[in-house]
Amino acid sequence: MKNLKMRILVLILVFSGSICAQEKDRFTLIKQKLDLMTSESPGLEEPVDLSVSNVPLKEFLRALGNSNKVNISVDPKVEGQVINNFNNVTVAEVLLFLAKQYQLELEFTGNIIYVKPFIEEPKPVVKVPKLIPISYEADTALISMELTNDSLPKVVKLITQKTGRNLVYQPGLEGKLLSIYLERVPFDQAMDKLAFANDLRISKTEDDFYLIEKPAPRPKDGEDQRFRDLNQKPANSRFYVDSNRISLEVENQPLDQVVRNLFRNLGLDYFLYSRLEYDVTMKVEAVPLDELLEKLFYGTKYTFRKRDSIYIIGERNLEGLRETKRIYLQHRSVEKVIEIIPADLKQGIEIKEFAELNSLVVSGSYPQILALEEFIASIDLSVPVVVIEVIIVDYQRNNTVSNGIEVGVGDQPAQSGGQIYPAFDYRFDANSINKLLESFDGFGALNLGPVTPNFYVNLKFLEDNGIVNVKSTPKLSTLNGHEANISIGNTEYYVVEQTNVTGVQNPLPITIRNFQSVQANFTLTIKPIVSGDDQVTLDIDVEQSDFTARISPQAPPGSVSRKFTSMIRIKNEEMILLGGLEEKGVNDTGRGVPLLSRIPILRWLFSSRTRSYNKTRLNIFIKPSIIY
C-alpha cells in the first residue's frame, strides 16, 4: 500500500512538472516576441509607475497602451480586476506579468498586440483497445478463451491469427456479440460450445473452413422439412429461408400476424406504427425480403422503409415513411412527362417539374417512388433525330409559234426594219412597198399604183422555245414525332385607293392610297415517326402557289395553287419521289380576213396566228436519315 502511494505521488509530481514546463515555455515565447517588438514599438521599454485598485482588466490594458503609445487590442471576453502597485517596471514586463496572473494569451500582428483569454488545448484521449484473452497451444491443439460481449469479427480474426484455422461468418452477423469461458479445450469441441452458447451454428467444410451461420429453424413433427410454421397453423402457413431468399405460403391470414412472425423468425428488428388490418393469401418461392414485403403491401395503404437495420412499417402517408426525391431525365425533356405517367402511379405521390435541372421532384411513399422511377427509366430513352434531305425540282417548258402577214396604216410614216435571223420579224414601210409595186409596172392588171406614206406591212415567222429547271436542296432536322417545316415565297403589292369627301359647302376630296400585299409560297411540312425496325413513317403536306397575269395594271395579281397530302412508310436512308404536280397549257389564237383566213395556203397571206404550249412539273425527292 505504501508503494502504491509513492507511485501516485511520483505521477503527480511528474504531471505537475510537465504542466509547469509547458507554462514556462509559453511565457518564454511571449517574452521573446515582446523583446522583438521593441524596435517597432519603443513604448514597450518605457518605465511605468502605477498603483491601481479594483480597475477592470480591460480598461487597465487600454489605458496602459494609450499612455505609452503601444497598440493593444483587448478581446471582450477578458475579465478580472487589477489590484497592483507597479514601480519602475517596463510596459513589456507589466504585460508579461498580467499574462501569467490572469491566464492571458498575447497574439502579435505587426506592431499590434491582441490580448485574449488563454484556452488550453484539450489533450487527445488515447483509447486503449480491449484485450481479448485467447490462447492456443499448437502442440496439443487446445484453446482457451474468455469472451464477454466481444465482437464476432474481432474474435474470428484473433482465433484465425492464433490457430491458423480459417473462420468465415455469414453476412448479417457483423454486430453479433459473443460470451463464453473455456479453459484448454480441443479446438473442434470449443467451436461447438461457442456456437451453442451464442445461438449460432458452426460447421466445417471439406476444405477445412469453419462457417459461422445463424441456426436453421427446426421443422415441427409431421411438417415438410423445407417449411416451418409461421402462424401456428401448419395447414395454411409455411415459411422457409435459404441463402437469404424466403419462400412463403399463407392462406387467408391476417397481414399483421404474418409480418410480425416473419420478422420474428428472421431475427430482424422492425417497428410497426399501427396494426395492419388486411388479410393476405400468397405463395412465393425464393425471393428477397424487400421484394416479399412489396408483394405483401401491394394494393394496401401500408408500406415499409428500411432505416439503418430497422424496418419501419405503417401507412403510406406517415411522415417517417414518406420520401422526397429528384428523378433526373437523361435523354429527353421533362416537359409533358407528367401527362404520360399512368394515373395509378400518381396516386398518393406529389409530382412537380424542375425544368432548370430537367428533372421531376416527387414526394410520397418509398415503394411507390421506386415504381415511378422504374417507369421513368423505361421511357427515358434516347429520342431519335431525323434528318430529312429534300430535293425540289421545278421543271418548266414552253413553245410559242407566231406567223402571218399584218397590213395597216399608222398615225405616222413607218420605217423599214426588224429581225431577219434566226427568227423573221420584219416591217416594210411605204417607200419599200411602192418600189415593189413599181417593179410590177407594165404588167397590165398588176399595176396597182403607189400606197400612202403611212402604209406598212409586217411579216412574222418566228418560234420561241424555253426550258427552265430550278433545283433546291434544303435539309430539315427534327425530333421523332415533331413536325419540320420549310417555306419559300414571293410577295407582290398592289394599290388600293379610297376617296373620302369632307365639307358641305366646299366639298374637298381626300384620296388615301394603301399598298396591299399578296403572297405566293411553296410550303413543305413533314412529320416523321420512327418505328422499332428503323423504318420511318412520313406525314407530308405540300402546297405551292404562283402568280398569274393581272386583269389590269392596278388590280392584284391572280394566283393558282397546287396542294397534296400524303402519308408513306419507307426504310431508313431510302429516297422517295413525290411527283404529279404537273400543269399544261395550250393556246392557239389568230386573226385575219373572214373566210380567206380559213382557206389553206391562202390563210398565210390573209391572217396572223400565234400558237403556244407550256408545261410545268414539280418533283420533290425526300430522304430521311435517323440519328440516335
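Starting from 1, each residue takes its place in the sequence as its number. Below, each value reflects all heavy atoms present in this structure, side chains not excepted, and no hydrogens, waters or symmetry copies.
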(message) Rounded at 0.5 Å granularity, tell me how far CG in D188 sits from CG in D192.
(response) 7.0 Å
(request) Step by step, work out the salt bridge (Lys or Arg N to Asp or Glu O under 4.0 Å) result for E174 and K176. (result) CA-CA 6 Å; E174 293 83 359; K176 182 71 174 177; over 6 Å; no
(request) Would you name the heavy atoms of D380 and H331 that are closest together and state the gap between them? (result) OD1-N, 3.0 Å
(message) How long is the straight-line distance from CG of N480 back to CD1 of I626, given to the nearest 0.5 Å?
(response) 8.0 Å
(request) To the nearest 0.5 Å, tell me how far I313 CD1 sits from R260 CZ. (result) 9.5 Å
(request) Answer whether the closest heavy-atom distance between the side chains of N572 and Q535 falls below 4.5 Å. (result) no
(request) Quick one: do E59 and R62 satisfy salt bridge (Lys or Arg N to Asp or Glu O under 4.0 Å)? Show the steps, please. (result) CA-CA 5 Å; E59 299 299 329; R62 292 193 184 100; 3.3 Å; yes
(request) Could you tell me whether the side chain of Q170 and the main chain of K214 form a donor-acceptor pair under 3.5 Å? (result) yes
(message) Looking at every heavy atom in both V334 and A355, which two are closest together, and how far apart are they?
(response) CG1-CA, 4.1 Å
(request) Kindly determine whether Y270 and F263 satisfy ring pair (Phe, Tyr, Trp, His ring centres under 6.0 Å), including the steps that lead there. (result) CA-CA 7 Å; Y270 69 99; F263 280 96; 5.2 Å; yes
(request) Look up atom CD in E146 and atom CG in L131, then write down how far apart they are to the nearest 0.5 Å. (result) 12.0 Å
(message) Strictly distance-based, threshold 3.5 Å: is any side-chain N or O of T478 a donor or acceptor partner for the main-chain N or O of H482?
(response) yes
(request) Could you tell me the separation between the OG atom of S477 and the CD atom of E389, rounded to the nearest 0.5 Å? (result) 9.5 Å
(request) Taking all heavy atoms of F304 and all of D290, pick out the closest pair and write down the distance. (result) CZ-O, 3.7 Å
(request) Report, as yes or no, whether the 6.0 Å neighbourhood of atom CD on E335 holds more than 12 heavy atoms from other residues, nucleotides or ligands. (result) no
(request) Would you check if P624 and E573 make a side-chain contact, meaning some heavy-atom pair closer than 4.5 Å? (result) no
(message) Within this structure, what is the NZ-CD1 distance for the pair K154 and I159, rounded to the nearest 0.5 Å?
(response) 14.5 Å
(message) I'd like to know if K283 and E251 make a salt bridge, using a cut-off of under 4.0 Å between side-chain N and carboxylate O.
(response) no
(request) For P342 and F375, work out which heavy atoms get closest and say how close. (result) CD-CZ, 3.5 Å
(request) Please say whether the positively charged group of R165, taken as NZ for Lys or CZ for Arg, lies over the ring of Y210, i.e. under 6.0 angstrom from the six-membered ring centre and within 45 degrees of the axis. (result) no
(request) Identify whether the distance between the nearest side-chain nitrogen and carboxylate oxygen of K527 and E483 falls below 4.0 Å. (result) no
(request) Report yes if some heavy atom in the side chain of E350 is under 4.5 Å from a heavy atom in the side chain of V362; otherwise report no. (result) no
(message) Is the distance between the ring centroids of Y302 and Y278 under 6.0 Å?
(response) yes
(request) Take D208 and K204 through the test salt bridge (Lys or Arg N to Asp or Glu O under 4.0 Å) and record every step on the way to the result. (result) CA-CA 6 Å; D208 291 335; K204 185 177 181 182; 3.8 Å; yes
(message) Tell me the closest heavy-atom pair linking E291 and V287, and the distance in Å.
(response) OE2-CG1, 4.1 Å
(message) The test is side-chain contact (heavy atoms from CB on, under 4.5 Å); show your working for I212 and L152 and say whether it passes.
(response) CA-CA 10 Å; I212 304 176; L152 172 63; 4.2 Å; yes
(message) Are L360 and R326 packed together at the side-chain level, in the sense that at least one heavy-atom pair is separated by less than 4.5 angstrom?
(response) no
(message) If we ignore hydrogens and angles and just use 3.5 Å, is the side chain of S247 paired with the main-chain N or O of A286 as donor and acceptor?
(response) yes
(request) Take L167 and F209, measure what side-chain contact (heavy atoms from CB on, under 4.5 Å) needs, and give me the verdict at the end. (result) CA-CA 6 Å; L167 279 70; F209 274 81; over 6 Å; no
(request) Please report the shortest heavy-atom distance between N198 and S179, naming the atom on each side. (result) OD1-N, 2.9 Å
(request) Applying side-chain contact (heavy atoms from CB on, under 4.5 Å), run through I376 and I341 and close with a yes or a no. (result) CA-CA 8 Å; I376 296 298; I341 298 176; 4.2 Å; yes
(request) List the steps and the verdict of side-chain contact (heavy atoms from CB on, under 4.5 Å) for I620 and V390. (result) CA-CA 7 Å; I620 302 175; V390 182; 4.0 Å; yes
(request) May I ask you to test the Y114-V74 pair for a side-chain heavy-atom distance under 4.5 Å? (result) no
(message) Which residue in the set D256, L296, V259 passes side chain to side chain contact (heavy atoms under 4.5 Å, CB included) when paired with V280?
(response) L296
(request) For the pair N358 (side chain) and R332 (backbone), establish whether a donor and an acceptor sit closer than 3.5 Å, ignoring hydrogens and angles. (result) yes
(message) Set out, in order, the CA-CA distance, both residues' side-chain angles and the distance that settles side chain to side chain donor-acceptor pair (under 3.5 Å) for N485 and T525, then state yes or no.
(response) CA-CA 5 Å; N485 299 276; T525 302; 2.7 Å; yes
(request) May I ask you to check whether over 12 heavy atoms, not counting those of R275, lie within 6.0 Å of atom CZ? (result) no
(message) Measuring only between side-chain heavy atoms, which start at C-beta, is L57 closer than 4.5 Å to E79?
(response) no
(message) Test salt bridge (Lys or Arg N to Asp or Glu O under 4.0 Å) on E107 and K116; report intermediate values, then the result.
(response) CA-CA 8 Å; E107 292 185 355; K116 66 178 182 178; 2.5 Å; yes
(request) State, yes or no, whether a side-chain contact exists between L147 and I134 at a heavy-atom distance under 4.5 Å. (result) yes
(request) Check whether any side-chain heavy atom of T565 sits under 4.5 Å from a side-chain heavy atom of I540, and report yes or no. (result) no
(request) May I ask you to check whether S487 and N521 show a side-chain donor-acceptor distance below 3.5 Å? (result) no
(message) With a sphere of 6.0 Å drawn around CZ of F354, does it hold more than 12 non-hydrogen atoms of other residues, nucleotides or ligands?
(response) yes
